[in-house]
Protein chains: 2
Amino acid sequence: MLIEIDNHSGVPVYKQIMEQIRLAILYGHLEEEEQLPSVRDLASELQVNPMTISKSYAYLENEGLLMRKRGKGIYVSSSSQQIKEEEKIKILEESMSVMMAQASQLGVPKAELKLLFEKFCKSYKAE
Amino acid sequence: MLIEIDNHSGVPVYKQIMEQIRLAILYGHLEEEEQLPSVRDLASELQVNPMTISKSYAYLENEGLLMRKRGKGIYVSSSSQQIKEEEKIKILEESMSVMMAQASQLGVPKAELKLLFEKFCKSYKAE
DNA sequence: TCTAGTGTATTAGTTAAATAATACACTAGA
DNA sequence: TCTAGTGTATTATTTAACTAATACACTAGA
């Protein structure tokens with residue numbers, strides 16, 4: 001399990017862990033039903049408390065990405081890959097709509113808006 | 001000075017104040033060189049500590065929107081209008097950053113993101 | 001100079017989020 | 001049943017951001 005913690009980033013450890021596991025599932029580095037490291041193993045590896053790992057796992061289960069089984073372990077949800085494209089777009093449309101409304105209210109010209117978007121796109125990475 | 005504080009929003013008071021003053025300048029409700037309420041007056045009006053007001057003013061001066069003059073008062077910066085454009089972009093960048101983070105988290109491919117943006121652009125009108 | 005109005009540096013207190021410690025609960029295989 | 005491995009509920013501690021208290025510093029006008 002390749003997880004790296006930056007103690008100087010200001011981002012809480014449990015969130016850093018969540019993000020990296022989330023991406024690992026998204027990128028297919030972790031397969032459905034695959035077992036994840038035990039809270040103690042990962043905690044030992046990352047030099048943090050097992051409860052911190054448990055917290056990350058708990059949130060990810062709540063998102064539907066993991067399954068927690070007491071006494072057994074943590075597994076990638078069997079439906080983790082079933083998040084529909086349409087659903088993603090729907091959520092994103094709402095987010096983009098808010099941003100565009102803000103831009104409009106500020107009177108930012110379309111050309112400028114496009115330039116800014118391009119700038120963000122350059123450093124954008126997903127999948 | 002019309003500033004409203006929502007004590008249940010979770011947003012720090014000094015940030016709420018900053019945002020409202022920033023927008024007041026941006027929208028032209030406050031003119032260059034105009035004097036703002038003293039830290040004590042505004043503190044009394046909003047039922048907070050004067051240092052909280054001072055903190056808001058300090059950050060806004062740092063952004064170039066205000067000038068602080070010890071013993072005299074707080075004034076809208078004479079170059080505030082020149083900073084307007086930069087400020088607008090700054091606000092918009094924050095909004096766009098949130099949207100892009102959302103997209104990234106959802107694993108939306110860059111190409112798809114661009115398509116969606118184009119779609120929104122077509123109906124975009126800046127006042 | 002004096003006073004009443006400005007802002008502010010320093011310090012202390014408060015609060016909520018994050019992390020850790022401990023003891024407990026569940027599971028599977030010997 | 002026993003044991004060694006899982007996860008976790010509860011509680012305490014730590015940390016950083018925020019807010020407040022206090023005392024001080026500056027300005028202008030009487």
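Side chains are part of it too, since the values below use all heavy atoms of this structure and drop only hydrogens, waters and symmetry mates. Just so we're on the same page: letters track the sequence lines, and every chain starts at 1.
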Residue whose closest nucleotide on DNA chain C lies nearer the 5' end, A:Lys69 versus A:Asn49
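Looking at the nearest nucleotide for each, A:Asn49 comes out on the 5' side.
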
Can you list the steps and then say if B:Cys121 with A:Lys114 is a side chain to side chain contact (heavy atoms under 4.5 Å, CB included)?
CA-CA 8 Å; B:Cys121 262; A:Lys114 284 188 174 180; 3.8 Å; yes

Report the residues that fulfil side chain to side chain contact (heavy atoms under 4.5 Å, CB included) with A:Glu112, sequence neighbours left out, ordered by chain and then residue number.
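Testing A:Glu112 for side chain to side chain contact (heavy atoms under 4.5 Å, CB included), a comparison that skips the adjacent residues, returns A:Val108, A:Pro109, B:Glu85, B:Ile89.
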
For A:Asp6, give me all partners under side chain to side chain contact (heavy atoms under 4.5 Å, CB included), at least two apart in sequence or on another chain.
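Checked A:Asp6 against side chain to side chain contact (heavy atoms under 4.5 Å, CB included); matches are A:His8, A:Ser9, A:Gln16.
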
Grab the stems for DNA chain C, please: at least three consecutive Watson-Crick or wobble pairs, both distances below 3.5 Å, written as range with range.
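Stem list for DNA chain C: C:1-30 with D:1-30.
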
Nucleotide interval of DNA chain C bounded by contacts with chain B (heavy-atom cut-off, under 4.0 Å)
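Terminal contacting nucleotides, 5' to 3': C:dG5 to C:dT10.
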
Reckon B:Lys55 touches a base, only the sugar-phosphate, or nothing at all at heavy-atom distances under 4.0 Å?
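It contacts base atoms.
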
Can you name the salt bridge (charged side-chain N to carboxylate O under 4.0 Å, His left out) partners of B:Lys15, sequence neighbours left out?
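Checked B:Lys15 against salt bridge (charged side-chain N to carboxylate O under 4.0 Å, His left out); zero matches.
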
Test of understanding: with salt bridge (charged side-chain N to carboxylate O under 4.0 Å, His left out), list the residues that count as partners of B:Glu34, not counting sequence neighbours.
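By the salt bridge (charged side-chain N to carboxylate O under 4.0 Å, His left out) rule, B:Glu34 matches no residue at all.
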
Using atom types as modelled and distance alone, determine if a side-chain donor or acceptor of B:Ser77 lies under 3.5 Å from a backbone N or O of B:Gly64.
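A pair under 3.5 Å: yes.
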
For [X], enumerate each residue passing the side-chain hydrogen bond (donor to acceptor under 3.5 Å, both in side chains) test, keeping only those at least two apart in sequence or located in another chain.
{"X": "A:Glu118", "value": "none"}
{"X": "A:Glu61", "value": "A:Arg68"}
{"X": "B:Ser123", "value": "none"}

Neighbours of DNA chain D within residues 7-16 of chain A, by heavy-atom distance under 4.0 Å
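Result for residues 7-16 of chain A: none.
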
Report the C-alpha separation of B:Ser54 and B:Val39 in whole Å, then their side-chain angles, then the decisive distance to 0.1 Å, and conclude whether the side chain to side chain contact (heavy atoms under 4.5 Å, CB included) test is met.
CA-CA 6 Å; B:Ser54 185; B:Val39 293; 4.2 Å; yes

Can the positive tip of B:Lys55 be found less than 6.0 Å from the middle of the six-membered ring of B:Tyr14, inside 45° of the ring normal?
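Yes, a cation-pi geometry holds between B:Lys55 and B:Tyr14.
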
All N/O contacts under 3.5 Å from nucleotides 10-14 of chain D to the protein, with atom names and distances to one decimal?
none

Test of understanding: with ring pair (Phe, Tyr, Trp, His ring centres under 6.0 Å), list the residues that count as partners of B:Phe117, not counting sequence neighbours.
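Testing B:Phe117 for ring pair (Phe, Tyr, Trp, His ring centres under 6.0 Å), a comparison that skips the adjacent residues, returns A:Phe117.
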
Could you tell me if the side chain of B:Ile5 sits less than 4.5 Å from the side chain of B:Val48, heavy atoms only?
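No. Closest side-chain heavy atoms not under 4.5 Å.
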
